[in-house]
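What you are looking at is a predicted structure, and each value in this text was computed from that prediction instead of being measured. Each chain gets a letter, A, B and so on, in the order the sequences are listed, and its residues count up from 1.
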Amino acid sequence: MSAPDVLVIGGGPAGMGAALEAANSGLTCVLVDESPELGGQIYRAPLPEAEQAMSPHPHGAYLRQKVRESSGIEVRTGCSAWGVFEGPEVPVSSEGSTIVYRPKALVIAPGAYEFVPPFPGWTLPGVMTPGAAQILVKTMGIEPGKRVILAGTGPFLPAVASQLVRAGVGVTAVLEASPRHHWWTLPWHGFRTPSILREGLGYLATLRRARVPILYRRGIVEVRGGERMTHVAHAPLDDHWAPNLSRREEIEADTLCVGYGFVPRVHLAQSAGCELEFRDEQGGWVPRRDAEFATSVEGVYSVGDGAGVAGAWSAESEGRIAGLAIARRLGALEPGDFDRQQRPWRTKLDRLTPIRRALDRICRIRSGLFESIQDDTLVCRCEELPWKTVRSAIDFGADQFRSLKVATRLGMGPCQGRFCWPATSRMIARQCQVGVEQVGPSSARPPLRPVSLGCLASMDEEAR
Amino acid sequence: MVSMISFQLDGETVRCPPGLTVAGALFRQGCLAIRQTSSSAPRSLFCGMGVCFECAMTIDGRPSVRACVTPVKEGMVVTTQRGPADLGPGS
Ligand SMILES: Cc1cc2nc3c(=O)[nH]c(=O)nc-3n(C[C@H](O)[C@H](O)[C@H](O)COP(=O)(O)OP(=O)(O)OC[C@H]3O[C@@H](n4cnc5c(N)ncnc54)[C@H](O)[C@@H]3O)c2cc1C
Ligand code: FES
């Protein structure tokens with residue numbers, strides 16, 4: 001058992017921000033991340049020996065260096081937190097061994113993952129998230145394929161498309177579900193955040209130069225292939241994103257990167273017993289938080305995309321404010337100093353709000369997205385469950401995560417419902433004509449990560 | 001010239017540069033089918049960040065290791081798995 005002042009789970013901008021502020025105020029801090037290096041998604045660093053990687057993001061490198069230089073922060077990479085028990089008590093495992101932490105304050109900053117709705121053929125090799133393709137090219141210099149199509153919604157698609165183009169990967173097209181004129185409103189909402197607008201325009205310019213078309217109001221209806229995908233079928237969408245199948249078109253492609261925004265990773269907060277609330281615009285279920293990002297559980301804070309998707313700058317600001325709030329709470333910072341030190345981060349957060357809201361409105365998931373699902377389309381990838389099985393269980397009244405799990409095994413696989421539930425809960429809402437918030441979140445049961453018997457045994461030793 | 005490392009994939013020796021994940025090394029070989037489901041369907045890299053478990057492989061004797069977040073090392077023994085990944089005791 002180890003008892004630092006603060007334990008931070010997640011070394012992305014949110015977690016690094018929290019650790020830096022807590023340590024600056026004189027608190028002892030342990031920062032754990034399951035990746036080999038700190039950085040999180042946006043600032044992901046290549047593996048140490050990588051020779052073909054793109055150069056890492058300068059601000060990410062700056063944060064990493066600050067964390068490494070801070071004597072108050074013990075960094076533990078390659079370590080997974082796999083549950084939060086009362087206390088809070090947090091078991092953290094790396095190969096074969098487990099340490100249980102009992103910090104005075106816990107910061108949960110695990111980030112988000114991508115939302116992918118089921119469609120026929122989505123389990124074929126070659127279909128992946130834009131994030132997966134980005135990691136291949138950015139950190140390893142490996143091509144995901146020769147003819148790549150990106151589809152979904154949001155600014156992440158042109159961002160990844162232009163990274164692929166710059167790495168020399170053949171990108172055939174980008175399919176964006178929402179209409180082009182919605183995007184024209186962004187400069188109006190983003191005038192206080194010109195750097196974000198400039199970044200977006202840069203991506204579009206790269207794609208234009210490479211003659212990669214962006215097709216608006218288009219969505220995937222099917223992927224075909226054998227050992228690897230070979231064709232993508234797409235169709236025009238209406239205002240609710242329902243495809244017009246009579247105008248279906250097919251393109252040859254060996255890779256499809258598909259992502260419709262992000263889902264916060266709330267399983268750790270859930271296992272800590274934090275109350276959740278439904279915020280559609282932030283990716284679904286998120287922990288309920290106060291103005292300083294404390295959750296409903298005493299001493300437990302949640303920050304960054306893992307507490308509501310809002311992007312890297314918001315993530316760091318939230319982390320910084322939570323770190324300062326913890327320092328004040330533990331008596332390491334005077335209230336007056338807290339107010340002064342948190343102000344610049346608060347200002348930054350406020351400045352980001354208009355463009356964030358505008359993007360949320362443009363990219364909000366519409367119900368027609370699920371209309372290309374067929375009876376035999378797999379809904380739960382882990383358990384290979386077709387939609388017809390899930391639908392008939394819903395017809396028999398299994399309309400919550402637990403009841404569907406018992407009736408069909410949905411969500412029983414190793415991903416624990418992370419990929420099937422965000423889509424299935426929306427499909428239930430559509431079928432039963434209720435709001436998604438009434439369907440409820442999935443539930444999480446530790447271990448949230450694979451843990452060997454050896455790990456559990458070593459944890460008992462520790463606890464004794 | 002880049003120094004190369006080698007590892008075993010289902011009994012065959014594969015060479016690749018250092019600094020790759022196991023999934024990255026497989027992609028570099030053009031080998032996309034990372035795992036087989038219970039019904040023998042091929043599955044490959046999907047989320048790429050350790051969430052979906054589609055890339056579960058047996059690595060150095062440990063079952064259901066996520067190939068997308070595991071760095072490849074000299075002499076590693078990697079075998080493809082059939083059926084879903086297993087989270088271990090308690091799952
Ligand atoms: C695949 C992907 C790629 C992205 N790329 C970009 C991009 O290029 N540009 C952009 O603007 N935005 C990008 N985003 C959006 C991005 O998530 C945010 O902008 C930003 O990274 C959020 O910061 P964060 O600190 O909240 O979370 P993250 O940066 O995601 O960091 C969370 C960290 O927590 C760790 N973690 C999670 N669970 C555990 C656990 N149980 N135990 C230990 N460690 C854990 C993870 O390994 C990760 O390092 C991407 C998102 C994803 C999912
Ligand atoms: S590809 Fe999703 S866990 Fe590895």
Side-chain angles (χ1 to χ4, degrees), chain A residues 34-36 41 44 46-53 78 80 82 95 111 113-114 116 122-129 131-136 139-145 226-228 254 265 378 381-384 412-416 418-419 445-453 455-456, chain B residues 1-5 16-56 59-66 68-74 83-91:
Chain A
E34 60 185 2
S35 307
Q41 297 307 335
R44 178 184 290 270
L47 294 172
E49 318 83 40
E51 287 160 3
Q52 305 284 330
S80 304
W82 49 264
E95 286 177 27
Y113 60 95
E114 282 163 286
V116 187
W122 74 310
T123 54
L124 286 172
V127 179
M128 66 182 82
T129 61
Q134 181 192 45
I135 291 166
L136 284 176
T139 66
M140 298 184 261
I142 289 175
E143 287 189 338
E227 284 295 296
R228 176 171 198 159
D254 61 7
R265 295 168 88 166
L378 297 186
R381 300 173 66 103
C382 301
E383 296 290 335
E384 300 192 273
M412 290 276 263
C415 96
Q416 298 186 318
R418 287 178 182 89
F419 273 93
R445 204 151 49 99
L448 304 172
R449 292 286 182 282
V451 186
S452 68
L453 273 174
C455 273
L456 292 178
Chain B
M1 180 59 202
V2 181
S3 67
M4 300 287 266
I5 62 170
C16 69
L20 306 185
T21 60
V22 174
L26 264 63
F27 257 71
R28 188 173 172 275
Q29 288 296 110
C31 163
L32 259 68
I34 292 180
R35 139 183 120 81
Q36 284 209 328
T37 66
S38 311
S39 68
S40 300
R43 290 284 169 87
S44 186
L45 187 76
F46 183 60
C47 74
M49 54 175 283
V51 181
C52 71
F53 285 80
E54 287 287 32
C55 63
I59 299 183
D60 288 339
R62 286 173 46 220
S64 301
V65 179
R66 290 163 293 171
C68 69
V69 289
T70 307
V72 68
K73 299 226 170 74
E74 175 68 38
D86 184 3
L87 269 188
S91 68

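- Residue B:S38 comes nearest to A:E384 through the heavy atom pair N-OE1, 3.5 Å, listed as atom of the first residue, atom of the second, then distance.
- Panel note: side chain B:S44, backbone A:L124; no donor-acceptor pair is recorded below 3.5 Å.
- Interface residue A:Y113: backbone and side-chain heavy atoms are both found under 4.5 Å from chain B.
- Ranked by non-hydrogen atom pairs under 4.5 Å with chain B, the options A:M412, A:E114, A:E227, A:Q134 are led by A:E227.
- Residue B:T70 does not touch chain A at all, counting heavy-atom pairs closer than 4.5 Å.
- The minimum heavy-atom distance linking A:L47 with B:T21 is given by the pair CD1-N, 3.9 Å.
- For the pair A:L136/B:L45, a side-chain contact is recorded, criterion being any heavy-atom separation below 4.5 Å from C-beta on.
- Here the closest non-hydrogen pair linking A:C382 and B:C52 is SG-O, 4.3 Å.
- Both the backbone and the side chain of A:R381 come within less than 4.5 Å of a heavy atom in chain B.
- Neither the backbone nor the side chain of A:S35 comes within contact range of chain B; no heavy atoms are under 4.5 Å apart.
- Chain B forms the most heavy-atom pairs under 4.5 Å with one residue out of A:R265, A:M128, A:R44, A:Q41, and that residue is A:M128.
- Closest approach of B:P42 and A:P125 over heavy atoms only: O-CD, 3.6 Å.
- Minimum heavy-atom separation, A:M140 to B:G19: CG-O, 4.0 Å.
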